[in-house]
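For reference, the structure is listed below as structure tokens.
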Amino acid sequence: MWESPHLSAQIIIKYSKFGDPVSARSLFDAIVVSSNSFLWNTMIRAYANEGLCTETLELYLLMRRKGVGPNNYTFPFVLKSCASRSLVSEGKLVHGEAIRTGFESDVYVEAALVDMYAKCGQTDDGRRVFDRMSKRDLVCWTAMITAYEKSERANDSLMLFHQMQEKGGLAADSVTAVSVASAVAQLGDAKRARSIHAHSIRNGFLEDVFVGNSIIAMYSKCGNVEDARLVFNLMEGKDGISWNSMLSGYNENGRASEALLLFEQMQVSGAKPNPVTALIVISSCAYLGSLYLGKKMHNFIINSRLGIDTTLLNAIMDMYAKCGDLDTAVQMFNSILSSEWNVSSWNVMISGYGMHGHGQEALKLFSQMQEEGVEPNHITFTSLLSACSHAGLIEEGKKCFEDMKKLSMIPELKHYTCMVDMLGRAGFVEEAFELIKEMPSEANDSVWGALLLACKIHGNTELGEIAAKNLFHLEPEHTGYYVLMSNIYAASSKWQEVGRLREDMKSRGLKKPAAFSVIEFGKEVHGFHTADQTHPECREVYKMVGELVIKMKMAGYSPDLSCVLHDVEEEDKEHILTTHSEKLAVAFGIMKTDSRSGMPIRVTKNLRVCNDCHSAFKFISSICGRKIVVRDGNRFHHFQAGSCSCKDYW
DNA sequence: TTAGGGTTAG
């Protein structure tokens, strides 16, 4: 029997098909192996198809040592193994052997090489092989299109897709459509997204769940959640990834509450959440800043035994920090051995300390991290610089920036944004502007935005105008920048300029974003707009604000009328201040919660808290003996006994 | 005797 290599090969393949490569190998070893490559190829194929990479490569080496020549059947399997583990150097050696043995231009070997280089992220090497190929089929084209997409070269990916249709005369199938949709998603090109969707409908690709899922992700990343939802609703065979894609689509577009609503529907539908779902939904809670929902989701994750890995733990800690409960985040961090944490865990805590104004603690944690031998990455430095900025630790921040360069890390735009923010807030607006001028690349809207904010805080109209000019050019539709500049003009009573900007906004159809504050206690959530008239208890709330103002005035408070950016009478200004959404929310909290409970009043505001409210909350915390925690658009403020954790520096 | 391309989160 052993004399027939074909029969032996069939048995080896059978063993392999039944998932028993060990028996296959025993049989292989028992056979007197000839110099014929056939049986070797069969055994290598068995290992490669089982995903046993080491075994494949070892057997390949043994084959070479025994003087058996590999051929066009050997290389595709060996290359497949290299691809599966991203073993670039091994793959390149095998490529060399294929050249030496004269099998490089075999179509199967070529295709395997393209695939290997693509999977190892060596896109250009893959392209060189691809260009030399004598015959290319749809799979080869798709492999190369996907390789570009995966290495974030969306334009190259789409260019190749068009070449495939025009020069190659090939039509895409659903697999190609998935990669092309991902490439369009990377570019965020809403117009092309529609055309890919239409193409997929025409060709019936939407029956493939992979295509539906990638189109949902594509629309979401192009800012078109409505169409993503439409595709999602029409999908017949939704799987876990469909739900997750739609959930994260809402998150990406700042619509976290809709993500949570969809999550409820997901549970009703019977679809089973997985750890990715948990990760997405926990970050929705973090975005909303709802401690109640965050805790509820944390319990859900524990009870549903989803399996909590470090990534999910990091997201949970991040959620607690962003929902104002830094203590729980710290407790979680300290309750686990530091060897269990990865660099993101440290980053989460450093940024958590930062957003709550504990700059020194953030720096301490950074030292500890380095003592533990954990290498910081660019996110570590973003978190650190932002922590220094919030705490006004200028010298420390400058040192971090230098440390970063010493570690051969090139500062990115976000690091410059933090530096401009840090210098600008501290009053070094000119120095911040100099830094922008020295930047190796062009400043983006975040960098100029940080400068504009600094100009608003310190009343620098001249530099503010320069920042605004750049911003109006870069982001002509971003309302916030018009508002900031108009606030700068208003603060120096340049009402004509204010009017001009207002007209400009009007002609572009832009509206000032409405201020909105949310207060949460127990299961209750209440929202207030500026001058809210819709809350069922708003009369009582205004009465409470009035009483608080009287008490505050007796304690020395005087309204900061400069916070009213309208050209109106002083008396009206004072009244306008009492209608700010965050004041209404805090007053409601005082009315509804028991001071004896020791629970803080937790308010989240979508925009930056105003100076007058900030001052008022310090008085209220002292008068009412309450802790007030406010999360504004930028950071946390913890008011207690007449002062704020930000030390009036924000 | 042969193979190869795909979706979500961080």
Output the single nucleotide from B/dT2, B/dT8, B/dA9 whose closest atom is nearest the side chain of A/Glu252. B/dA9
Students often get this wrong, so: under 4.0 angstrom with heavy atoms, is A/Asn251 touching a base, only sugar-phosphate, or nothing? nothing
Per A/Asp137 side chain, nearest of listed nucleotides B/dT8, B/dG4, B/dG5: B/dG4
Which of the following nucleotides, B/dG5, B/dT7, B/dG4, is nearest to the side chain of A/Glu149? B/dT7
Determine, stepwise, if the pair A/Arg85 / A/Glu90 fulfils salt bridge (charged side-chain N to carboxylate O under 4.0 Å, His left out). CA-CA 10 Å; A/Arg85 299 282 160 86; A/Glu90 286 81 353; over 6 Å; no
Are A/Arg45 and A/Tyr73 in a cation-pi setup, meaning NZ or CZ lies under 6.0 angstrom from the ring centre and within 45 degrees of the ring axis? no
How would you label the contact of A/Val211 with the nucleic acid (heavy atoms, under 4.0 Å): base, sugar-phosphate, or nothing? base
Considering only side-chain heavy atoms of A/Arg45, which listed nucleotide, B/dA3, B/dA9, B/dG5, is closest? B/dA3
Any idea which of B/dA9, B/dG6, B/dA3 is nearest the A/Val276 side chain? B/dA9
Are A/Lys322 and A/Tyr287 in a cation-pi setup, meaning NZ or CZ lies under 6.0 angstrom from the ring centre and within 45 degrees of the ring axis? no
Stacking check A/Phe210 vs B/dG6 (5.5 Å / 30 deg): yes
Proximal nucleotide (of B/dT8, B/dG6, B/dG4) relative to the A/Lys221 side chain: B/dT8
Nucleotide nearest A/Leu279 when distance is taken to its side chain, options B/dG10, B/dT1, B/dT7: B/dG10
Name the nucleic acid region contacted by A/Leu138, choosing base, sugar-phosphate or nothing; use a 4.0 angstrom heavy-atom cut-off, strictly under. base
For A/Asn274, answer base if it contacts any base atom (sugar-phosphate contacts may also be present), sugar-phosphate if it contacts only those atoms, and nothing otherwise; contact means non-hydrogen atoms under 4.0 Å. nothing
Salt-bridge present (A/Glu258, A/Arg229; N to O < 4.0 Å): no
So, A/Tyr108 and B/dT2: ring centres less than 5.5 Å apart, planes less than 30° off, yes or no? yes
Is the shortest distance from a Lys or Arg side-chain nitrogen in A/Asp124 or A/Arg128 to a carboxylate oxygen in the other one below 4.0 Å? no
Per-pair stack call A/Phe77 and B/dT2, 5.5 Å, 30°: no
Please state how far atom CG in A/Asp115 lies from atom P in B/dA3, giving the value in whole angstrom units. 13 Å
Quick check on the 6.0 Å ring-centre criterion: do A/Phe263 and A/Trp243 meet it? no
How many whole angstroms separate atom CG of A/Leu113 from atom P of B/dG5? 14 Å
Heavy atoms only, 4.0 Å cut-off, all strands: where does A/Thr277 land among base, sugar-phosphate and nothing? nothing
Can you tell me the distance, in whole Å, between the CZ atom of A/Arg127 and the P atom of B/dG5? 19 Å
Under a 4.0 Å N-O cut-off, is there an ion pair linking A/Asp125 with A/Lys92? yes
Hey, does A/Thr142 reach any base, or is it just sugar-phosphate, or nothing, if we go heavy atoms under 4.0 Å? base
Protein-nucleotide distance (A/Phe161, atom CZ; B/dG5, atom P), rounded to Å: 19 Å
Can you measure A/Trp243 atom CH2 to B/dA9 atom P for me and round it to whole angstrom units? 17 Å
So what does A/Asn72 hit on the nucleic acid, given a heavy-atom distance under 4.0 Å: a base, only sugar-phosphate, or nothing? base
Within the pair A/Lys119 and B/dG5, is there a side-chain N or O less than 4.0 Å away from OP1 or OP2? yes
Whole Å only: how far is the CG atom of A/Asn244 from the P atom of B/dT7? 15 Å
Less than 3.5 Å between a donor and an acceptor, one on the side chain of A/Asn213 and one on the base of B/dG6, is that the case here? no
Between P of B/dT7 and CD of A/Gln186, the distance in whole Å: 11 Å
Is any N or O donor-acceptor pair between the side chain of A/Asn314 and the base of B/dG10 shorter than 3.5 Å? no
Starting at atom CD1 of A/Ile241, determine the distance to atom C1' of B/dA9, rounded to an integer number of angstrom. 10 Å
Report which part of the nucleic acid A/Thr176 touches: base, sugar-phosphate, or nothing (heavy-atom distance under 4.0 Å, all strands). base
Within the 4.0 Å heavy-atom criterion, would you say A/Ala111 contacts the bases, only the backbone, or no part of the nucleic acid? base
From the list B/dT2, B/dG5, B/dA3, which nucleotide is the closest neighbour of the side chain of A/Lys80? B/dA3
